[in-house]
Amino acid sequence: MDESEFSRFHHQTARPLWAYLHRLTSDPALADDLLQEAYLRLLRSRVTAPDEIHLKAYLYRIATNLVHDHWNRQKQKTGYVAEARQMAPETLVDPTQDFAMAQAFQKLTLQERSLLWLAYVEGHLHREISQVLHLKEGSIRVLLFRARRKLAQLLQLEEVTVPKEKP
Amino acid sequence: MTKPCPKESLIETACRSGVWDEAACTHLATCADCQELVLVAKEMLRFGTAPPVPQPNLPSAAFLWHRAYTLNQEEILHRTRRWMRWFYLAAGSVFGVGFGGWTWLHWGLVKADFVSGSQSVLAATASNGGKAGILLFWLTVLLFGFNLLWTWQEWRGLKTGLRAYPRTKD
Ligand SMILES: [Zn+2]
């Protein structure tokens, strides 16, 4: 990858990656630092990916590992995992956004947050999620199901409108 | 239900593509688990694509590129320095053994001066014309001293921690 290729890749991935890190950590400053570290590690690894999709999966894998390492270090320091840290409401979401969703998301484990984000925000396939999270492809379906159920219960989602559009 | 619906992939694909065929619509109308999937997916997408209140402090691609280059160079330098340290240590040991060996071989001459006067072994070797011995001694001191200085510098570097580097905005 040369500098111009990296520049294009960075342009496409930086904001979504920051959003992912921000939602995983609930800490904008930490998300800034981890994002920078993730790109530096990607560049320094000199990984050769067949395409940008694989490169993006690799970047998310590095970023997810960095979050896990961060929490592990926190755990060693403080003796507990502050995964579901409570942030001031104004740092969590836009006032126009659903505050309940942000709060419910905070109550999920890191793995659950990653699973839901990668599946429904990034639109990754189960195979891609398994690569990012170092999990077996076969286990993603069940883990995702449990994470969905937990979030739905936290949000107390009940209604659904069946889509009427047909191809 | 405690297990995912077997037709879940059908609904996931429809969610991802936005194309709902008859099979997907019919199944969704009757499956509570898949209805939950659709709701969660919709909520997540809304949540994930909403602009965050704190603006990200994104480093520019150029900054990252050059920072990675600098870090790689630093790593190469660090590796080289580590090898050089081992080399100095090994060379210092060889010279030290050489100096000891020389003194031992010429102990007769050295002892005469050493025992009779207040001269040190070093001075004794010098007075006995042991230029090679002196050279070996000083090389040993120099190499070990250099190594010690290096170790101290690195220890100090570790103590001060990683240097913070400035971020640039896009
Ligand atoms: Zn179903």
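As a basis for the values below, the full set of heavy atoms in this structure was taken, side chains included, without hydrogen atoms, waters or symmetry mates. No experiment lies behind these values; they were computed from the predicted model shown.
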Between R148(A) and E43(B), is there a side-chain N and carboxylate O pair less than 4.0 Å apart? no
Output the distance between atom CZ (R44(A)) and atom CG (L71(B)), rounded to the nearest 0.5 Å. 4.5 Å
With a 4.5 Å cut-off on side-chain heavy-atom distances among I, L, V, M, F, W and Y, is there a chain of contacts connecting V67(A) to Y58(A)? yes
Option in F105(A), F9(A), Y39(A) with maximal non-hydrogen atom pairs under 4.5 Å from chain B: F105(A)
Applying a strict under-4.5 Å side-chain criterion to I, L, V, M, F, W and Y, I'd like to know whether L125(A) and V121(A) cluster together. no
Distance-only side-chain donor-acceptor flag, Y69(B) / E3(A), under 3.5 Å: no
Close side-chain approach of H22(A) to P56(B), heavy-atom, < 4.5 Å: no
When clusters are formed by joining ILVMFWY residues with side-chain heavy atoms under 4.5 Å apart, either directly or through shared neighbours, do L37(B) and L10(B) land in the same one? no
Decide if atom CD1 of I53(A) counts as having more than 12 heavy atoms of other residues, nucleotides or ligands within a radius under 6.0 Å. no
Can you name the residues of residues 131-143 of chain A that have some heavy atom under 4.5 Å away from a heavy atom in chain B? R141(A), V142(A)
Paired with Y120(A), the side-chain hydrogen bond (donor to acceptor under 3.5 Å, both in side chains) test is passed by just one of R16(B), E12(B), K42(B), namely E12(B)
Under a single-linkage definition using a 4.5 Å side-chain heavy-atom cutoff for Ile, Leu, Val, Met, Phe, Trp and Tyr, are V141(B) and L143(B) assigned to the same hydrophobic cluster? yes
Would you call the rings of F6(A) and W65(B) parallel, tilted or perpendicular, taking 30° and 60° as the class edges? tilted
Closest heavy-atom contact between L35(A) and P59(B)? CD2-CD, 3.4 Å
Going through the distances and angles, do D33(B) and R149(A) end up as a side chain to side chain contact (heavy atoms under 4.5 Å, CB included)? CA-CA 9 Å; D33(B) 281 342; R149(A) 175 127 302 179; 2.5 Å; yes
Nearest-0.5 Å distance that lies between atom NE2 in H10(A) and atom OG in S60(B): 6.5 Å
Hey, what do you get for NZ (K3(B)) to CZ (F145(A)), rounding to the nearest 0.5 Å? 10.5 Å
Can a donor-acceptor pair be found, under 3.5 Å and without considering hydrogens, that links the side chain of H11(A) to the backbone of A61(B)? no
Under 4.5 Å from any heavy atom of chain B, what part of L17(A) do you find: side chain, backbone, both or neither? neither
For atom NZ of K7(B), is the number of surrounding heavy atoms from other residues, nucleotides or ligands below 6.0 Å larger than 12? no
How close do L64(B) and L43(A) get, counting heavy atoms only, and between which atoms? O-CD1, 3.6 Å
Is the backbone of D32(A) close enough, under 3.5 Å, to the side chain of N57(B) for a donor and an acceptor to pair up by distance? no
Report yes or no: do V47(A) and Y60(A) belong to one cluster of Ile/Leu/Val/Met/Phe/Trp/Tyr joined by side chain heavy-atom distances under 4.5 Å? yes
Examine whether an atom of A32(B) lies under 4.5 Å from a heavy atom of chain A, and if so say whether it belongs to the side chain, the backbone or both; otherwise answer neither. neither
Just how far is it from atom CD of Q36(A) to atom CG of L58(B), taken to the nearest 0.5 Å? 10.0 Å
